[in-house]
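What follows is a single structure, written as structure tokens, with notes after it.
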Amino acid sequence: MKSIVKMLKTKYPIIQGGMANIADHLLASAVSNAGGLGLIGAGGWDADKVRFEIRKCKELTNKPFGVNIMMMSPHAEDIAKVVVEEDVKIVTTGGGSPGVYMDMWKEAGITVIPVVPTVALAKRLERMGADALIVEGTEAGGHIGELTTMALVPQVMDAVDVPLIAAGGIADGRQMAAAFCLGAEGVQIGTVLLAAEECPIHENYKNAVLKARDTSTIVTGRNTGAPIRVLKNNMAREYLKMAKEGIELAELEKLTLGSLRKAVINGDVENGSLMAGQVSGLIKEIRPTKVILDELVNKSLEVLKENTYE
Ligand code: TUI
């Protein structure tokens, strides 16, 4: 817990997930002001939009914040340069290896924390200079790997020396405590922040998360190599039906990324892509970001205290 808080310069060992096309300056600054590390989730945004969001975030917080860059984005290269130009201190990455940008970022003094879904990528990125790693299990929402957080975190811990942040399946203090027991020094949260007051998604999307049960998520895109966990709805069912019928990849892609916008902006909960993790069933109310973070920390400490043998 100690070194990650020092590295991030935050009060709490909590970082916000990338939350592509959702995490703007409002959410990122709220998380940073609440004591965590807020992130601008670049997702599919272009470089100008990301630059704008960074500047806005600086107006709303004097606490550290970062940018999450989605490696599959056609704008990834431009955004990789924008974070250097705008003097962003911390970058997290997802959806692929950030290997080609590591030298540029390290030279600029940026703290680089990639998401890894496997031990092999963790070792590769540690060699390339990653400062810490976000080890994300398949319980997470959005684009996911195959392994569970429970299985993956200790295996990555045994393979690398950099501090680890556990992700996927963490919405409350019990899970945060469990992440520490697995060897992580910090946690990344995403799904629980969908129900934050400051989260700028349409209220229909928020309500869909509040209504979700344990079995409400499903994974689309396993056939295309880009598995995405979403809440079950028309779009997800249609996608899986089309995939079974062998519809072209480009058609299927249109159905997912385009439909994220439908959910986030328009609140179309039937035809939009409602990215959310398996913990959706735990989320029962809309709360301020600060309340969510304070409760995670306080409950995790309680749980850790209760579970000693002496
Ligand atoms: O990136 C995420 N979650 C995301 S990105 C996203 S936006 C999107 N929308 C439509 C299609 C695709 C993306 C929504 N949610 N989480 C982090 C994450 N990274 N999960 C898995 C990975 C990952 C996968 C492969 C990281 C590295 C990797 O490397 C492969 C290799 O060896 O290069």
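This one's a predicted model, so the numbers in the text were calculated from it and none came from an experiment. Counting convention: from 1, in listed order, for ligands and their atoms alike.
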- Message: Taking 4.0 Å as the limit for heavy-atom contacts, which would you say applies to Q188 with ligand 1: side chain only, backbone only, both, or neither?
- Response: neither
- Looking at residues at least two apart in the chain, or sitting in another chain, which of them share a salt bridge (charged side-chain N to carboxylate O under 4.0 Å, His left out) with K123? none
- Note on the structure: Checking heavy atoms under 4.0 Å, the part of M71 that sits near ligand 1 is neither
- Query: What are the two closest non-hydrogen atoms of A23 and Q16, and how far apart are they?
  - Reply: CB-NE2, 3.0 Å
- Would you mind listing every ring pair (Phe, Tyr, Trp, His ring centres under 6.0 Å) that reaches into residues 99-137, with sequence neighbours excluded? Y101-W105
- Walk me through it: do K49 and E53 pass the test salt bridge (charged side-chain N to carboxylate O under 4.0 Å, His left out)? CA-CA 6 Å; K49 166 77 170 159; E53 292 295 329; 2.7 Å; yes
- Query: Does the side chain of T149 come within less than 4.5 Å of L152's, by heavy atoms?
  - Reply: no
- Task: Dump the intermediate steps for side-chain hydrogen bond (donor to acceptor under 3.5 Å, both in side chains) on S3 and E185, then the final yes or no.
- Result: CA-CA 8 Å; S3 74; E185 293 191 17; 2.7 Å; yes
- Message: Show me which atoms of ligand 1 lie under 4.0 Å from any heavy atom of G94.
- Response: 1 (O), 17 (C), 19 (N)
- Would G96 count as a contact of ligand 1 if the rule is a heavy atom under 4.0 Å away? yes
- Item | K290/E198 salt bridge by N-O under 4.0 Å criterion | no
- Query: Do L293 and K11 have side-chain heavy atoms sitting under 4.5 Å apart?
  - Reply: no
- Looking only at non-hydrogen atoms, which of T93, I22, V115 approaches atom 17 (C) of ligand 1 most closely? V115
- Should R287 and E295 count as an ion pair when the cut-off is N to O under 4.0 Å? yes
- Query: Can you list the atoms of ligand 1 that are under 4.0 Å from a heavy atom of L121?
  - Reply: 27 (C), 28 (C), 29 (O), 32 (O)
- Message: Give the atom numbers and elements of ligand 1 that come within less than 4.0 Å of a heavy atom of M275.
- Response: 9 (N), 14 (C)
- Message: Can you tell me which portion of M70 lies within the under-4.0 Å heavy-atom range of ligand 1? Options are side chain, backbone, both, or neither.
- Response: side chain
- Note on the structure: Among G95, A42, G18, S97, the residue with a heavy atom nearest to atom 22 (C) of ligand 1 is G95
- Contact atoms of ligand 1, heavy-atom distance to E136 under 4.0 Å: 16 (N), 17 (C), 18 (C), 20 (N)
- Task: Check if P117 has a non-hydrogen atom at a distance under 4.0 Å from any atom of ligand 1.
- Result: yes
- State whether K56 and D24 are salt-bridged, where the test is any N-O pair (Lys NZ or Arg NE/NH1/NH2 against Asp/Glu carboxylate O) under 4.0 Å. no
- Message: Residue-level breakdown please: for A226 versus ligand 1, do any non-hydrogen atoms fall below 4.0 Å on the side chain, on the backbone, on both, or on neither?
- Response: neither
- Item | Atoms of ligand 1, numbered as shown, that sit under 4.0 Å from any heavy atom of M72 | 12 (C), 13 (C)
- Can you list the atoms of ligand 1 that are under 4.0 Å from a heavy atom of G142? 14 (C), 15 (N)
- Task: Report, in ascending order of atom number, the atoms of ligand 1 lying under 4.0 Å from any heavy atom of I228.
- Result: 9 (N), 10 (C), 11 (C), 12 (C)
- Task: Could you tell me which atoms of ligand 1, counted from 1 in the order shown, lie closer than 4.0 angstrom to a heavy atom of A20?
- Result: 6 (C), 7 (S)
